[in-house]
Amino acid sequence: MTARIIDGKSIAADLRGKVAEGVHRLGRDQGDVPGLAVVLVGENPASEVYVRSKSKAVAEAGMRPFDHKLPASTGEAELLALVATLNADPAVSGILVQLPLPAQIDTQKVIAAIDPAKDVDGFHPLNVGRLASGLPALVPCTPLGCVMLAKTVHDSLAGMEAVVVGRSNIVGKPVAQLLLAENATVTIAHSKTRDLAGVCRRADVLVAAIGKAEMVRGNWIKPGATVIDVGINRVPGEGGKSRIVGDVAAEARDVAGALTPVPGGVGPMTIACLLLNTLRAAHAQRGLAPPKI
Ligand code: NAP
């Protein structure tokens, strides 16, 4: 069997186009443009690249970008003051504080200070709790993208065995909650799981969010399964250069029914879902029904 490749790039481009249409409709009907504030503290090169592509995508979707770049020496009080200003600014529909933050800043304190209605990363405890309670919530972007990609293969995930490897607050746990909300039968595996290969082999839908290059082997995969590879791992490539691989080994293509490539799978969906969350937040803040996307 050769797996169908789930083209995250084109699915994300399609979603971004729909968000842009939603932004246009909001402007036409309400005379109003959603805005996304992205706050970057310090000079982490990976974060800088990511923040640049976010700002570009925000502008392309017709939203207003509000970028705040603060020095690595920024104190916690200063960052909290900026968050308070953004919370109070009606032009700002969504706030994203890029992680990781420098050591002198308490990350949880900053996340908790963001207005939950503007928490487009879905990391605020109120949104985490609402997701776990099955209530409408702003949900984390990468997990939302994972489930959207799985649903391009299966109209319904109801009753399917879903295995998520990884239990981080950013990916593993929220993706498991979203799969549960889709009525899948969900197992969360992690570094203490016994017989990980056997657990993975049960999965109709396997989500790998581990951060270990090509750890999931072909013989861990149930023939025909849908595999969502969240991993982004830099490994040595040809000519002294490095290349990016996922958490799932290339041989998985011979066993899976469908899988996401790395790069070009989950990655592009993260930014598209951030735009979607910003549009959803803008609608909710105006008392409007969620955008039909
Ligand atoms: P993380 O916080 O490091 O969590 C990794 C999880 O994997 C942990 O729950 C850990 O288990 C589990 N794990 C580690 N080694 C394992 C092993 N040998 N066997 C079983 N489980 C193991 O990482 P993360 O933030 O969730 O990110 C995971 C990956 O996704 C990374 O490669 C990251 O770069 C990537 N990522 C991609 C995107 C995107 O947009 N595509 C977004 C976010 C993250 P324990 O809890 O037991 O330690």
Side-chain angles (χ1 to χ4, degrees), residues 5-13 15-16 38 44-54 56-57 96-101 107-108 111 120-123 128 131 139-150 162-179 186-203 206-217 219-221 227-235 242-249 252 259-277:
I5 302 301
I6 304 171
D7 184 353
K9 236 170 149 176
S10 85
I11 297 164
L15 178 57
R16 281 163 61 160
V38 176
N44 179 326
S47 295
E48 281 184 358
V49 171
Y50 192 40
V51 163
R52 257 201 309 277
S53 45
K54 277 176 190 167
K56 193 166 157 266
L96 183 148
V97 177
Q98 184 66 41
L99 304 181
L101 290 170
T107 301
Q108 289 310 321
I111 290 173
V120 284
D121 249 344
F123 296 158
V128 175
L131 173 61
V139 302
C141 304
T142 301
L144 181 58
C146 290
V147 173
M148 283 181 167
L149 291 177
V163 173
V164 179
V165 190
R167 56 172 164 179
S168 72
N169 290 335
I170 292 174
V171 190
K173 281 182 200 154
V175 91
Q177 292 288 358
L178 289 169
L179 290 165
V186 184
T187 302
I188 306 178
H190 47 77
S191 67
K192 306 289 186 290
T193 297
R194 279 190 231 133
D195 185 21
L196 184 60
V199 171
C200 290
R201 262 193 300 273
R202 294 207 306 256
L206 177 64
V207 180
I210 311 164
K212 296 252 152 68
E214 302 188 320
M215 195 182 104
V216 176
R217 310 306 310 186
N219 63 3
W220 294 25
I221 293 166
V227 179
I228 308 294
D229 188 353
V230 189
I232 301 177
N233 308 290
R234 199 169 279 281
V235 296
S242 66
R243 63 191 180 98
I244 302 285
V245 299
D247 288 344
V248 179
L259 60 73
T260 60
V262 177
V266 174
M269 287 301 282
T270 298
I271 288 182
C273 288
L274 174 68
L275 301 176
L276 176 60
N277 274 353

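For ligands, and for the atoms within them, numbers begin at 1 and follow the listed sequence. As the structure is a computational prediction, the values presented were derived from the model and not from experiment. Residue indices begin at 1 and follow the sequence shown.
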Main-chain N/O of [Y] paired with [X] side-chain donor or acceptor, under 3.5 Å:
X: Ser168; Y: Val171; value: yes
X: Asp247; Y: Ile210; value: yes
X: Asn277; Y: Val139; value: yes

Can you give me a line-by-line list of nitrogen or oxygen pairs between ligand 1 and the protein shorter than 3.5 Å?
| residue | atom | partner | partner atom | Å |
| --- | --- | --- | --- | --- |
| ligand 1 | 9 (O) | Arg167 | N | 2.8 |
| ligand 1 | 11 (O) | Ser191 | N | 3.3 |
| ligand 1 | 15 (N) | Lys212 | NZ | 3.1 |
| ligand 1 | 21 (N) | Ser191 | N | 3.2 |
| ligand 1 | 26 (O) | Ser168 | OG | 2.5 |
| ligand 1 | 30 (O) | Val230 | O | 3.4 |
| ligand 1 | 32 (O) | Ile232 | N | 3.0 |
| ligand 1 | 32 (O) | Ile232 | O | 3.4 |
| ligand 1 | 40 (O) | Thr270 | OG1 | 2.8 |
| ligand 1 | 46 (O) | Arg167 | NE | 2.8 |
| ligand 1 | 47 (O) | Arg167 | NE | 3.3 |
| ligand 1 | 47 (O) | Arg167 | NH2 | 2.8 |
| ligand 1 | 47 (O) | Ser191 | N | 3.2 |
| ligand 1 | 47 (O) | Ser191 | OG | 2.5 |

Taking all non-hydrogen atoms of both residues, which atom of [X] and which atom of [Y] are closest, and how far apart?
X: Gly8; Y: Met269; result: O-SD, 4.1 Å
X: Phe123; Y: Val128; result: O-CG2, 3.7 Å
X: Thr260; Y: Gly265; result: CB-CA, 4.1 Å

